[in-house]
Amino acid sequence: LTIDKLTVEDIYKEKHRPKLEEYASYLAFSVRSALPDEKNTFNLDQEQISFILSKHYLISFQEKSSDHFVNVRERIEKNKGKIRVKGPDFLLFRMLEAITDNYFELLEQITESTSVLEFRVTQRPTSNTLKEIELEKRKLMELKKIVSPLKELTSQLEKSHSHLIASDNHYYFSDLKENCLSILEEIEANKQILDGMNNLYYAIQGQRMNEIMKVLTIISA
């Protein structure tokens, strides 16, 4: 397998937008994984993962020494499901599925944080509460920037006429596209909740200010 110079450049290029490149003997593209940052829970731990799919090989490249594919490796080692029967294109599906599963896990954590913030806003909100709401919104927007290109990529793989992707595997990539759509819908729903909490925070602060002014007015009178 001879890898084109442009493909190598894309692999080394940071924050390369997912784009399916078709060559004579392989397909190439990069995606971004997203996990919560253990050191700072208000940032996303992102990493570019590049793939090269040929007739008999699937090669992946990662920026960091992390492992996103524990379940995939377990399927191969224990011969679970169809992964050792089908070709590299099915393995590609499983690896992309593992990345989207990470998206779901991250989104679940953001949803839990949103629920905690919602409770705090209705009880005794502080300026820090407002800051945390904005940071959670920022995480959602970052996740959206990562998931949206992957949705387009999986749509391309689903409709691809390349001989490297078997026709009976197209619906697997269609399933990935639907997963990405579900994630994007959840992102938008969470963003609307956070926007509502933002408005509620200012409404509560305004009500408290009015109560303080009433007290001061009575004292002045």
Side-chain angles (χ1 to χ4, degrees), residues 1-4 6-8 10-13 16-35 45-108 143-187:
L1 177 63
T2 303
I3 302 176
D4 191 274
L6 291 175
T7 303
V8 176
D10 286 341
I11 291 171
Y12 280 98
K13 189 185 298 180
H16 177 62
R17 182 178 174 82
K19 180 182 177 183
L20 186 64
E21 301 285 357
E22 297 192 34
Y23 295 87
S25 59
Y26 68 89
L27 302 177
F29 61 89
S30 298
V31 299
R32 296 200 70 79
S33 65
L35 292 169
D45 184 12
Q46 300 185 37
E47 176 185 356
Q48 179 168 291
I49 303 177
S50 302
F51 294 95
I52 293 178
L53 174 68
S54 70
K55 187 67 176 175
H56 303 290
Y57 302 95
L58 175 64
I59 308 172
S60 63
F61 303 87
Q62 294 180 223
E63 288 183 325
K64 306 173 185 177
S65 57
S66 54
D67 194 354
H68 301 270
F69 310 113
V70 175
N71 291 336
V72 176
R73 186 176 296 106
E74 183 182 356
R75 284 174 178 272
I76 295 173
E77 291 174 350
K78 297 183 179 180
N79 197 17
K80 291 183 177 180
K82 307 174 183 178
I83 198 163
R84 294 181 68 176
V85 178
K86 286 184 170 286
D89 53 340
F90 184 77
L91 177 59
L92 173 64
F93 155 70
R94 284 298 184 194
M95 294 181 77
L96 291 177
E97 182 185 45
I99 292 172
T100 56
D101 285 344
N102 289 339
Y103 297 159
F104 275 114
E105 290 177 11
L106 175 58
L107 188 55
E108 185 177 347
L143 184 58
K144 183 177 181 180
K145 289 179 183 178
I146 294 170
V147 178
S148 293
L150 182 58
K151 177 183 71 70
E152 299 301 324
L153 178 70
T154 51
S155 179
Q156 287 181 281
L157 290 169
E158 173 197 4
K159 300 172 183 177
S160 174
H161 297 293
S162 172
H163 67 284
L164 299 175
I165 300 179
S167 58
D168 59 342
N169 286 337
H170 283 175
Y171 74 94
Y172 290 116
F173 296 104
S174 175
D175 185 60
L176 284 178
K177 181 186 70 176
E178 293 301 319
N179 286 344
C180 289
L181 285 170
S182 296
I183 293 170
L184 291 171
E185 289 173 0
E186 285 294 318
I187 288 172

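One is the number of the first residue; the rest follow in order along the sequence.
Counting only distance, with no hydrogens or angles, the side chain of Ser182 and the backbone of Glu178 share a donor-acceptor pair below 3.5 Å. A side-chain donor-acceptor contact under 3.5 Å links Tyr26 to the backbone of Asp4. With His170 contributing its side chain and Ser160 its backbone, the two residues share a donor-acceptor pair below 3.5 Å. Judged by distance alone, the side chain of Glu47 and the main-chain N or O of Ser33 form no donor-acceptor pair under 3.5 Å. Judged by distance alone, with hydrogens and angles left aside, the side-chain atoms of Ser148 form no donor-acceptor pair with the main-chain N or O of Lys145 at under 3.5 Å. Formation of a donor-acceptor pair under 3.5 Å by the Thr154 side chain with backbone atoms of Leu150 is found in this model. No donor-acceptor distance shorter than 3.5 angstrom exists from the side chain of Glu158 to the backbone of Phe173, with no hydrogens or angles considered. Side-chain atoms of Gln48 come within 3.5 Å of backbone N or O of Lys13 as a donor-acceptor pair.
In this structure, CD1 on Ile52 lies 11.5 Å from CD on Glu21, to the nearest 0.5 angstrom. Once rounded to the nearest 0.5 Å, the distance linking CD1 of Ile187 with CG of Leu106 reads 8.5 Å. Taken to the nearest 0.5 Å, the OG atom of Ser54 stands 6.5 Å off from the CD1 atom of Ile59. Put simply, CD on Gln156 and NZ on Lys151 are 10.5 Å apart, with the number rounded to the nearest 0.5 Å. Rounded to the nearest 0.5 angstrom, Asp10 CG and Lys19 NZ are separated by 8.5 Å. Atoms OG and CD1, from Ser25 and Ile3 in turn, are 9.0 Å apart once rounded to the nearest 0.5 Å.
By the 4.5 Å heavy-atom criterion applied to side chains, Leu27 and Asp89 are not counted as neighbours. Side-chain contact between Leu53 and Ile165 is present, with heavy atoms from C-beta onward closer than 4.5 Å. The side-chain heavy atoms of Glu97 and Asn71, taken from C-beta on, include no pair separated by under 4.5 Å. For the pair Leu143 and Tyr103, the minimum side-chain heavy-atom distance is below 4.5 Å. Using a 4.5 Å heavy-atom threshold, the side chains of Asn169 and Phe93 count as separate.
Checked against Phe69 for a side-chain contact (heavy atoms from CB on, under 4.5 Å), the options Arg75, Arg94, Gln62 give a single hit: Gln62.
Asn102 and His68 make their closest contact through ND2-ND1, 3.2 Å (heavy atoms, listed as atom of the first residue, atom of the second, distance). What you find for Arg84 and Asn79 is that their closest heavy atoms are CD-OD1, 3.4 Å. Counting all heavy atoms, side chain and backbone alike, Ser50 lies closest to Ser30 at OG-OG, 2.6 Å. Contact between Tyr172 and Lys86 at its shortest, heavy atoms only, is OH-CE, 3.8 Å. For the residue pair Ser155 and Lys177, the shortest heavy atom distance occurs at CB-CD, 3.8 Å. Closest approach of Ile99 to Arg32, counting heavy atoms only: CG2-O, 4.2 Å.
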Given Phe61 and Val8, is the side-chain contact (heavy atoms from CB on, under 4.5 Å) satisfied, shown in steps? CA-CA 10 Å; Phe61 303 87; Val8 176; over 6 Å; no
task: Dump the intermediate steps for side-chain contact (heavy atoms from CB on, under 4.5 Å) on Leu58 and Phe51, then the final yes or no.
output: CA-CA 7 Å; Leu58 175 64; Phe51 294 95; 4.2 Å; yes
Stepwise side-chain contact (heavy atoms from CB on, under 4.5 Å) check, Leu157 with Leu96 = CA-CA 11 Å; Leu157 290 169; Leu96 291 177; 4.0 Å; yes
Please walk me through it: do Leu164 and Lys55 pass side-chain contact (heavy atoms from CB on, under 4.5 Å)? CA-CA 6 Å; Leu164 299 175; Lys55 187 67 176 175; 4.0 Å; yes
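In the displayed structure, His163 atom NE2 is contacted under 6.0 Å by more than 12 heavy atoms of other residues, nucleotides or ligands. The neighbour count for Tyr12 OH, taken as heavy atoms of other residues, nucleotides or ligands under 6.0 Å away, does not exceed 12.
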